[in-house]
Amino acid sequence: MDDILLLEAIENYLSGKMSAEERAYFENLRKTTPEIDQMVVEHGMFLQQMDTYAAHRNLKHHLHEAHIKLIETGEITENPSQTTKAKVIQLWRKYKRVATIAASVGGVIALVISVVVVAVSPAPNNRAVTELSRKVDNLQKKTDALNTEVRKSKIPESITQTNNGSSFLIDTRGFILTNAHVVQGLSNVVVVNSRGEEFKARIISVDGSKDLALLKIDDEDFQSPSSLPYNFKRTASDLAEEIYTLGYPRNTIVYNQGYMSALTGFNGDTLSYQLSVTANPGNSGGPVLNKNGEIIGVLSGRQEQAEGVVFAVRTKAIHRFIDQVKKADTSLEKIKLPTASSLKGKDRPQQIKQLQEYVYQVKAF
Amino acid sequence: MKAEYNEQLLLKGLANNDSKAIETIYKENFQVILSLIINNNGSSDDARDVFQEAMIALYEKAQSQSFVLTCRIQTYLYSVCRRLWLKRLQQNGRYLYDSDSVSETVAVEEDLEEHERKNAEFAIMDRALSSLGEPCKSLLEAYYLQKKDMQEIAKEFRYTNADNAKNQKYKCLMRLKKLFFAQFNIGE
């Protein structure tokens with residue numbers, strides 16, 4: 001009980017609530033008892049800490065409220081592009097007439113030019129980008145058959161030609177992602193993992209414009225892994241960032257490394273990247289990862305005339321594609337892209353060891 | 001001259017926790033910071049965090065007696081946010097596009113060091129308070145932060161009398177002090 005009284009006295013003393021008489025008595029007590037003096041100093045410091053803490057917390061609260069209020073009243077926005085809107089509208093009003101005239105003149109000129117160009121220019125080579133899928137011919141199929149003869153192949157023997165590519169697991173329940181051009185127009189798909197085990201899969205959705213396709217492994221031999229070691233990078237990547245790919249240009253998994261050489265893809269496509277890495281037909285649909293083991297894209301094609309110019313579909317497009325798929329079919333709403341990478345900080349061979357069993361070869365026929 | 005006077009008033013308001021002043025500073029400066037962060041790989045949430053952090057740093061500065069404003073509020077906030085964001089980007093292994101040439105900045109390193117020290121103290125107190133548990137936490141907050149008197153607290157927490165509440169408060173305070181100083185002295 002004495003302690004409590006002492007503390008109360010100290011608090012009263014520090015906050016100046018004591019009468020002059022009490023104060024004089026207490027100050028005398030401080031002088032004569034060093035323990036009390038020390039307690040006063042210590043408690044004073046502690047109370048000051050409490051006060052700063054209170055002020056700090058109060059301010060945080062105020063700031064938070066101000067933010068919400070200003071957003072509600074529209075005095076600030078969280079979208080910077082909206083702030084320039086007013087200016088654009090103003091300019092538009094001012095120059096509306098000039099713009100209409102200019103546009104019509106421009107339209108006529110454009111028409112004339114395009115007619116001339118079409119008439120004069122030679123037929124364009126519209127296959128500037130080769131799709132890296134690979135038609136394996138009869139002969140190669142036979143050698144494959146020899147290799148896998150021991151295990152009975154899930155591809156019917158009558159099939160002599162398959163369209164091959166790479167793919168990787170994006171959900172532990174067997175959803176895999178690949179390029180649209182690997183499976184487009186075909187209905188039967190078999191995927192093969194790095195150990196050579198084959199699984200039947202079906203095509204869930206194909207988006208030709210993004211060059212992405214979602215497949216699902218539909219095979220009783222397939223065992224869902226408990227988790228995936230990689231995740232999808234949310235933010236954009238930097239120029240010159242080191243990247244690597246895994247894929248199946250042959251029937252064996254092949255690793256390649258390179259770097260990010262441009263932040264846009266073919267003809268300035270903002271949904272893809274340009275990479276500098278070796279890629280061959282069959283690499284299509286394979287994952288592109290950064291040094292932390294985060295997926296930054298899906299390898300999609302290369303430029304025909306140029307050496308080492310490879311394109312990859314950005315994760316932004318992947319997220320959009322998956323959202324679109326989920327919207328179209330409610331039974332797929334549960335698809336969840338992996339969010340945590342366990343590869344960060346590990347050296348490359350270690351990363352690949354963990355990764356490779358989730359990268360599959362796709363054979364479509 | 002008038003603008004300068006206005007800014008002094010705003011800072012005084014901020015130091016006194018005046019919500020009008022806070023809103024005015026917020027309104028006039030948030031958009032600039034938002035575009036700085038968005039243009040450098042950040043999101044609007046990042047912008048809010050960084051901006052509010054800078055506001056707290058400004059508040060701390062405005063509170064000290066010796067404080068004189070040597071530049072515009074916007075320049076100061078911009079410099080602090082730029083520095084804070086740069087640091088956060090570096091932690092993630094990314095870099096800021098150099099935008100020094102676009103906006104004027106002032107040196108804020110010392111202020112930020114001070115701010116970080118205060119932040120650490122804040123975190124220690126916060127941790128100590130939240131590890132106290134109820135009803136100690138609410139009791140101490142009512143007395144020391146909201147400055148309610150013991151009678152009121154006794155009523156609110158349903159103690160039979162103020163002395164019992166005082167007794168409980170004393171026990172809680174001793175625990176809090178122990179928790180706080182254990183951390184605080186390591187920090188020193």
Side-chain angles (χ1 to χ4, degrees), chain A residues 1-8 10-11 15 17 39 42-43 45-71 73-84 233-242 290-292 294 344-345, chain B residues 14-15 17-19 22-31 34-39 41-45 47-48 51-53 55-56 59-60 63 92-95 118-119 121-122 124-126 128-129 140-141 143-147 150 163 166-167 169-171 173-174 176-177 180-181 184:
Chain A
M1 202 59 196
D2 281 352
D3 287 341
I4 301 181
L5 285 177
L6 181 60
L7 186 83
E8 205 182 344
I10 294 176
E11 279 182 358
S15 60
K17 278 188 199 151
M39 271 177 80
E42 189 217 62
H43 199 65
M45 180 187 154
F46 182 73
L47 285 185
Q48 207 197 336
Q49 282 287 345
M50 287 282 263
D51 282 343
T52 2
Y53 174 77
H56 203 132
R57 217 167 75 158
N58 209 349
L59 180 68
K60 274 194 175 173
H61 183 69
H62 269 300
L63 285 172
H64 190 66
E65 275 186 346
H67 188 87
I68 292 171
K69 191 176 158 195
L70 291 173
I71 292 267
T73 57
E75 285 173 272
I76 58 169
T77 65
E78 288 194 335
N79 188 353
S81 60
Q82 279 176 7
T83 55
T84 56
K233 191 158 190 257
R234 278 248 164 218
T235 47
S237 295
D238 285 326
L239 214 55
E241 203 172 287
E242 189 196 330
N290 68 6
K291 65 176 190 312
N292 294 332
E294 295 170 309
K344 199 173 177 181
Chain B
L14 175 65
N17 247 320
D18 171 43
S19 50
I22 291 175
E23 272 169 34
T24 312
I25 302 179
Y26 215 108
K27 197 163 62 194
E28 282 171 4
N29 299 293
F30 181 69
Q31 231 61 45
L34 181 69
S35 64
L36 166 75
I37 305 296
I38 299 261
N39 289 331
N41 286 317
S43 67
S44 57
D45 284 344
R48 192 184 59 206
F51 181 73
Q52 295 194 352
E53 182 104 50
M55 284 288 278
I56 294 172
Y59 167 82
E60 280 160 2
Q63 281 220 313
N92 296 335
R94 303 178 64 91
Y95 300 95
K118 287 211 165 130
N119 253 359
E121 286 175 5
F122 179 83
I124 292 173
M125 186 63 92
D126 205 40
L129 262 176
L140 291 179
E141 281 183 358
Y143 187 77
Y144 288 101
L145 305 190
Q146 291 146 27
K147 312 272 182 206
M150 244 21 227
D163 274 337
K166 218 178 266 178
N167 199 353
K169 188 211 85 183
Y170 176 77
K171 282 184 194 156
L173 182 69
M174 285 302 126
L176 178 67
K177 274 175 105 167
F180 176 76
F181 280 107
F184 189 71

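The sequence lines fix the lettering, A, B, ..., with proteins before strands; numbering per chain opens at 1.
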Enquirer: Using side-chain heavy atoms (C-beta onward) and a distance below 4.5 Å, is A:Arg57 in contact with B:Phe122?
Expert: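 Sidechains of B:Phe122 and A:Arg57: in contact.
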Enquirer: Check the angle between the aromatic planes of B:Phe181 and A:Phe46 and answer parallel, tilted or perpendicular using the 30° and 60° thresholds.
Expert: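 If you compare the ring of B:Phe181 with that of A:Phe46, the planes turn out tilted.
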Enquirer: Under 4.5 Å heavy-atom distance to chain A, tell me which part of B:Leu173 shows up: side chain, backbone, both or neither.
Expert: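 For B:Leu173, side-chain heavy atoms alone lie under 4.5 Å from chain A.
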Enquirer: Are the side chains of B:Met125 and A:Thr52 in contact, using a 4.5 Å heavy-atom criterion?
Expert: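 Heavy-atom side-chain distance check fails, nothing below 4.5 Å.
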Enquirer: Could you report the tightest heavy-atom contact between B:Glu23 and A:Leu70, atom names first, then the distance?
Expert: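 For B:Glu23 and A:Leu70, the tightest heavy-atom pair comes out as O-CD1, 3.8 Å.
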Enquirer: Answer yes or no: are there more than 12 heavy-atom neighbours, outside A:Lys69 itself, under 6.0 Å from its atom NZ?
Expert: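 Incorrect, the count does not exceed 12.
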Enquirer: Tell me the closest heavy-atom pair linking A:Met50 and B:Leu145, and the distance in Å.
Expert: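 Where A:Met50 meets B:Leu145 most closely, the heavy atoms are O-CD2, 3.7 Å.
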Enquirer: Which pair of non-hydrogen atoms, one from A:Asp51 and one from B:Tyr144, has the smallest distance, and what is that distance?
Expert: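 Where A:Asp51 meets B:Tyr144 most closely, the heavy atoms are OD1-O, 4.4 Å.
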Enquirer: Side chain, backbone, both or neither: which part of B:Glu53 has a heavy atom under 4.5 Å from chain A?
Expert: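 Contact with chain A is absent: no heavy atom of B:Glu53 under 4.5 Å.
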Enquirer: What part of B:Lys171 gets within 4.5 angstrom of chain A, counting heavy atoms only: side chain, backbone, both, or neither?
Expert: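 Neither; nothing under 4.5 Å.
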Enquirer: To the nearest 0.5 Å, tell me how far A:Leu7 CG sits from B:Lys177 NZ.
Expert: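 Here the interatomic distance stands at 6.0 Å.
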Enquirer: Can you find a heavy atom in the side chain of B:Asn119 that is under 4.5 Å from one in the side chain of A:His56?
Expert: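 A side-chain contact exists here, since the closest heavy-atom pair is under 4.5 Å.
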Enquirer: Assess whether a salt bridge exists between A:Glu11 and B:Lys169, defined as any Lys/Arg side-chain N lying under 4.0 Å from an Asp/Glu carboxylate O.
Expert: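 Looking at B:Lys169 together with A:Glu11, the answer is yes, because their closest N to O distance falls below 4.0 Å.
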